[in-house]
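Mind having a look at this structure? Questions to follow.
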Protein chains: 2
Amino acid sequence: MNEVIQLLKAHRSIRKFTTRDISKECLSEIIEAAQWASSSTFVQAYSIIGIRESETKKRLAALCGEQPYIESCAVFLVFCADLHRLEHACRMHQTDMVGEYTESFIMATVDAALAAQNAMIAAESLGLGGVYIGGIRNHPEKVSEMLMLPNYVYPVFGMALGYPDQDPEQKPRLPMAVVYKEEKYEDSEDIDKIIAYDKIISDYYTRRTKGKRSDTWTEQMAEKMQNETRPHMKEFLQKRNFLLK
Amino acid sequence: MNEVIQLLKAHRSIRKFTTRDISKECLSEIIEAAQWASSSTFVQAYSIIGIRESETKKRLAALCGEQPYIESCAVFLVFCADLHRLEHACRMHQTDMVGEYTESFIMATVDAALAAQNAMIAAESLGLGGVYIGGIRNHPEKVSEMLMLPNYVYPVFGMALGYPDQDPEQKPRLPMAVVYKEEKYEDSEDIDKIIAYDKIISDYYTRRTKGKRSDTWTEQMAEKMQNETRPHMKEFLQKRNFLLK
């Protein structure tokens with residue numbers, strides 16, 4: 001196993017940070033690494049907003065659902081899907097942009113995610129830790145106003161980065177055979193494997209919480225998926241010109 | 001610059017492969033690395049289908065828009081957003097799944113992309129090269145039938161992997177200041193920077209094609225974005241239960 005794969009396999013989300021700052025040079029390394037990720041037909045349809053000001057982090061922490069690590073991290077990155085820049089390009093060449101299709105939404109969302117994962121890996125290679133923050137979609141309209149996001153831009157997720165002040169255990173992933181299929185989708189044996197995995201996750205929580213918690217993966221998922229989550233997203237996105245068609 | 005960042009910054013899409021196969025062990029390393037990427041609230045809402053059979057690759061190459069490297073690569077991975085597995089979890093606990101919201105679509109699409117980027121990096125660290133294939137969305141319905149994708153699963157993109165038989169130049173990225181913003185979205189100086197970038201890209205193509213091609217980035221983007229692309233995606237996704245709300 002080489003050093004890169006070792007790093008990838010050692011990933012844990014870090015939610016507790018020391019007070020140490022991230023230098024400008026270090027952050028530049030991370031952003032540059034992010035930019036080298038692939039991009040759909042070279043559109044580079046994402047932007048990253050880096051937040052260091054504590055007042056802004058505080059307000060964002062509240063909007064994301066009171067996640068204190070957004071406030072305590074050194075830098076909070078907001079990854080945005082961004083077609084706004086492409087509008088400039090169209091204007092420069094006197095064409096009208098057609099960006100309201102679902103396809104463009106997927107393209108920009110994927111571009112943001114690929115760049116973000118490069119950023120996470122680069123950060124970890126530099127001794128930093130971080131956690132993705134889907135909570136940025138709790139109040140996307142307020143976040144967009146705060147960060148002055150123009151039309152055709154939306155915050156996909158945040159990423160809190162800093163020097164780790166914790167050393168959490170890794171959370172076991174689904175068995176490979178459940179996630180990876182050969183030649184075609186075949187899941188007739190998945191349920192048995194998921195039941196075995198439930199036991200692993202239950203043991204993991206029992207160990208980690210000294211018995212306070214012992215829920216299984218399927219219990220968590222059933223609990224989560226029975227409720228509507230962020231039902232405002234479609235309307236919000238359509239207001240920003242996404243997903244209209 | 002450490003080894004990991006060096007690898008990230010050396011990325012190029014590889015579209016020409018030797019006939020050398022990817023061993024089972026090597027592919028397992030890649031998939032395992034993919035699984036260690038972050039996942040939104042631990043849903044792990046993606047699946048990967050690995051295609052080695054040449055007949056299947058050939059048919060997929062045709063469906064993705066006659067991209068010969070899909071046929072010539074050693075393994076073609078199809079990354080799917082997958083909520084189907086969560087339905088199992090709900091059924092096991094007698095709850096009904098609410099998965100038709102845009103939020104769930106974003107969650108699963110991002111999960112697939114984060115895992116894929118880990119796979120790409122792991123592959124590159126092992127001496128492989130690859131290219132993302134958005135063309136899998138050209139005929140998502142046919143691809144889904146072929147790969148027997150159930151309801152609540154859709155192919156986000158493909159990834160052709162193999163041992164490189166080419167050594168292409170890197171394509172310069174947008175200036176960092178265009179992509180990365182401090183504290184808030186501010187793009188008043190972007191146009192000047194994009195015009196300077198246009199020159200870089202034009203020079204890049206001139207050099208690479210010995211003068212046959214010299215288009216700028218904004219020309220490419222204006223050309224691309226003035227047309228509707230894959231207008232079938234919304235209807236297709238809604239048939240698979242995504243984006244209904």
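Computed from a prediction, not measured in an experiment: that's the story for all the values here. A, B, ... follow the sequence lines: proteins, then strands. Residue 1 opens every chain.
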Heavy-atom distance under 4.5 Å to chain A: side chain of Thr41(B), backbone, both or neither?
->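 Backbone plus side chain of Thr41(B), per the 4.5 Å heavy-atom cut-off to chain A.
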Run the numbers on Met92(B) and Asp198(A) for side-chain contact (heavy atoms from CB on, under 4.5 Å), then give the verdict.
-> CA-CA 12 Å; Met92(B) 279 171 67; Asp198(A) 265 354; 3.8 Å; yes
Crowded around Gln238(B) CD? As in, over 12 foreign heavy atoms under 6.0 Å?
->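 Atom CD in Gln238(B) is crowded, with more than 12 foreign heavy atoms closer than 6.0 Å.
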Name the option with the most non-hydrogen atom pairs under 4.5 Å to chain A; the candidates are Glu228(B), Met120(B), Met97(B).
->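 Result: the option with the highest number of such pairs is Glu228(B).
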Are any non-hydrogen side-chain atoms of Cys90(B) and Gln226(A) less than 4.5 angstrom apart?
->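 Counting from C-beta outward, Cys90(B) and Gln226(A) never come under 4.5 Å.
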What distance separates Leu149(B) CG from Lys184(A) NZ, expressed to the nearest 0.5 Å?
-> 12.0 Å
Chain B: which of Gly50(A), Ala10(A), Ala89(A) shares the most heavy-atom pairs with it under 4.5 Å?
->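 The option with the most such pairs is Gly50(A).
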Could you go step by step and tell me if Val98(A) and Asn227(B) meet the side-chain contact (heavy atoms from CB on, under 4.5 Å) rule?
-> CA-CA 6 Å; Val98(A) 183; Asn227(B) 303 308; over 6 Å; no
pair Ile5(B)-Ile121(A): side-chain heavy atoms closer than 4.5 Å | no
Does a donor on one side chain and an acceptor on the other come within less than 3.5 Å for Lys181(B) and Ser47(A)?
->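 No, because no side-chain N or O of Lys181(B) sits under 3.5 Å from a partner of the opposite role on Ser47(A).
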Looking at residues at least two apart in the chain, or sitting in another chain, which of them share a side-chain hydrogen bond (donor to acceptor under 3.5 Å, both in side chains) with Gln35(A)?
-> none
Closest contact, heavy atoms only, Pro172(B) versus Trp36(A) |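 Heavy atoms only, the tightest pair is CA-CH2, 4.4 Å.
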Minimal non-hydrogen separation, Ala113(A) against Leu114(B), with atom names |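 Residues Ala113(A) and Leu114(B), closest heavy atoms: O-CD2, 3.4 Å.
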Atom of Ser38(A), atom of Ser13(B) and distance for their closest heavy-atom approach |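 Looking at all heavy atoms of both residues, the closest pair is OG-OG, 4.0 Å.
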Of all of Met176(A), Met221(A), His232(A), which one pairs up most often with chain B through heavy atoms under 4.5 Å apart?
-> Met176(A)
Could you go step by step and tell me if Thr218(B) and His88(A) meet the side chain to side chain donor-acceptor pair (under 3.5 Å) rule?
-> CA-CA 8 Å; Thr218(B) 58; His88(A) 288 323; over 6 Å; no
Could you list all the salt bridge (charged side-chain N to carboxylate O under 4.0 Å, His left out) pairs where at least one residue sits in residues 91-114 of chain A, not counting sequence neighbours?
-> Glu100(A)-Lys245(A), Glu103(A)-Arg137(B), Glu103(A)-Arg230(B)
Under 3.5 Å: donor-acceptor pair, side chain of Glu183(B), backbone of Arg52(A) |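 Judged by distance alone, yes, a pair lies under 3.5 Å.
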From CZ (Phe105(B)) to OG1 (Thr109(A)), nearest 0.5 Å |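 Reported value, rounded in 0.5 Å steps: 7.5 Å.
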So what's closer than 4.5 Å to chain A heavy atoms on Tyr46(B): side chain, backbone, both or neither?
->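 Both the backbone and the side chain of Tyr46(B) come within 4.5 Å of chain A.
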Measure the shortest side-chain to side-chain distance between Val178(A) and Arg85(B) over non-hydrogen atoms and say whether it is less than 4.5 angstrom.
-> yes
Acceptor/donor pairs from residues 25-33 of chain B side chains to any protein atom, 3.5 angstrom cut, sequence neighbours excluded:
| unit_1 | atom_1 | unit_2 | atom_2 | d |
| --- | --- | --- | --- | --- |
| Ser28(B) | OG | Lys24(B) | O | 3.3 |
| Glu29(B) | OE1 | Lys9(A) | NZ | 2.6 |
| Glu32(B) | OE1 | Lys9(A) | NZ | 3.3 |

Parallel, tilted or perpendicular for Phe42(A) and Tyr197(B), by the 30°/60° rule?
-> tilted
Kindly indicate whether the side chain of Ser39(A), heavy atoms from C-beta on, has any atom under 4.5 Å from the side chain of Arg173(B).
->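 No, side chains not in contact.
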Could you give me the CA-CA distance, side-chain angles and deciding distance for Trp217(A) and Val43(B), then say whether side-chain contact (heavy atoms from CB on, under 4.5 Å) is met?
-> CA-CA 9 Å; Trp217(A) 184 73; Val43(B) 288; 5.6 Å; no
Contact class of Lys171(B) relative to chain A, heavy atoms under 4.5 angstrom |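 Backbone plus side chain of Lys171(B), per the 4.5 Å heavy-atom cut-off to chain A.
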His93(A) NE2 to Gln220(B) CD distance, which is reported to the nearest 0.5 Å =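 Output value for this atom pair is 10.0 Å.
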Contact winner vs chain A - His84(B), Met1(B), Arg12(B), Glu186(B), heavy-atom pairs under 4.5 Å =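 So the answer, after comparing His84(B), Met1(B), Arg12(B), Glu186(B), is His84(B).
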Pick whichever of Val4(B), Val179(B), Leu237(B) has the most heavy-atom pairs under 4.5 Å with chain A.
-> Val179(B)
Chain A heavy atoms under 4.5 Å from Ile49(B): which part of the residue, side chain, backbone, both or neither?
->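 Ile49(B) touches chain A through backbone and side-chain heavy atoms alike.
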Who wins among Met233(A), Glu53(A), Glu182(A) for the most heavy-atom pairs under 4.5 Å with chain B?
->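 Option with the top pair count is Glu53(A).
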Closest heavy-atom pair and its distance - Gln117(A), Ala37(B) |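 Between these two residues, the closest heavy atoms are NE2-CB, 3.9 Å.
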Most heavy-atom pairs under 4.5 angstrom with chain B, which of Ala122(A), Ala116(A), Ala34(A), Gly99(A)?
-> Ala122(A)
Counting heavy-atom pairs under 4.5 Å to chain B, which of Thr56(A), Ile195(A), Asp82(A), Ile133(A) comes out on top?
-> Asp82(A)
Segment of Pro140(A) engaging chain B (4.5 angstrom heavy-atom cut-off) = neither
Any side-chain heavy-atom pair from Tyr154(B) and Ile106(A) closer than 4.5 angstrom?
->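 Yes - at least one pair of side-chain heavy atoms lies under 4.5 Å apart.
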Could you tell me whether Gln170(B) atom CD has more than 12 heavy atoms of other residues or ligands within 6.0 Å of it?
->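 Buried by this count: over 12 neighbours within 6.0 Å.
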Side chains of Tyr180(B) and Leu77(A): does their closest heavy-atom pair fall under 4.5 Å?
->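 SC-SC contact between Tyr180(B) and Leu77(A) confirmed.
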Spell out the residues in residues 123-131 of chain B that have some non-hydrogen atom less than 4.5 Å away from a non-hydrogen atom of chain A, in order of number; otherwise answer 'none'.
-> Ser125(B), Leu126(B)
State, yes or no, whether a side-chain contact exists between Met107(B) and Thr229(A) at a heavy-atom distance under 4.5 Å.
->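 A side-chain contact under 4.5 Å is absent here.
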Flag, side chain of Gln44(B) to backbone of Leu174(A), donor-acceptor distance under 3.5 Å = yes
Looking at Pro150(B), Cys80(B), Ala112(B), which makes the most heavy-atom pairs under 4.5 Å with chain A?
->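 Looking at each option in turn, the highest pair count goes to Pro150(B).
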Minimum heavy-atom distance between Met148(A) and Tyr185(B), given as atom pair plus value =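 Heavy-atom minimum between the residues: O-CB, 3.4 Å.
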Check whether any side-chain heavy atom of Thr95(A) lies under 4.5 Å from a side-chain heavy atom of Met225(B), and answer yes or no.
-> no
So which of Ile48(A), Asn2(A), Val156(A), Leu8(A) has the biggest tally of heavy-atom pairs under 4.5 Å with chain B?
-> Ile48(A)
Which atom names give the shortest non-hydrogen contact between Leu243(B) and Lys234(A), and what distance separates them?
-> O-NZ, 2.8 Å
Side chain, backbone, both or neither: which part of Ile51(B) has a non-hydrogen atom closer than 4.5 Å to chain A?
->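 Both the backbone and the side chain of Ile51(B) come within 4.5 Å of chain A.
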Looking only at Ile194(B), Asp187(B), Asp190(B), most heavy-atom pairs under 4.5 Å shared with chain A are made by Asp187(B)
Under a 4.5 Å heavy-atom cutoff, which of Val75(B), Leu147(B), Leu7(B), Val110(B) has the most pairs with chain A?
-> Leu147(B)
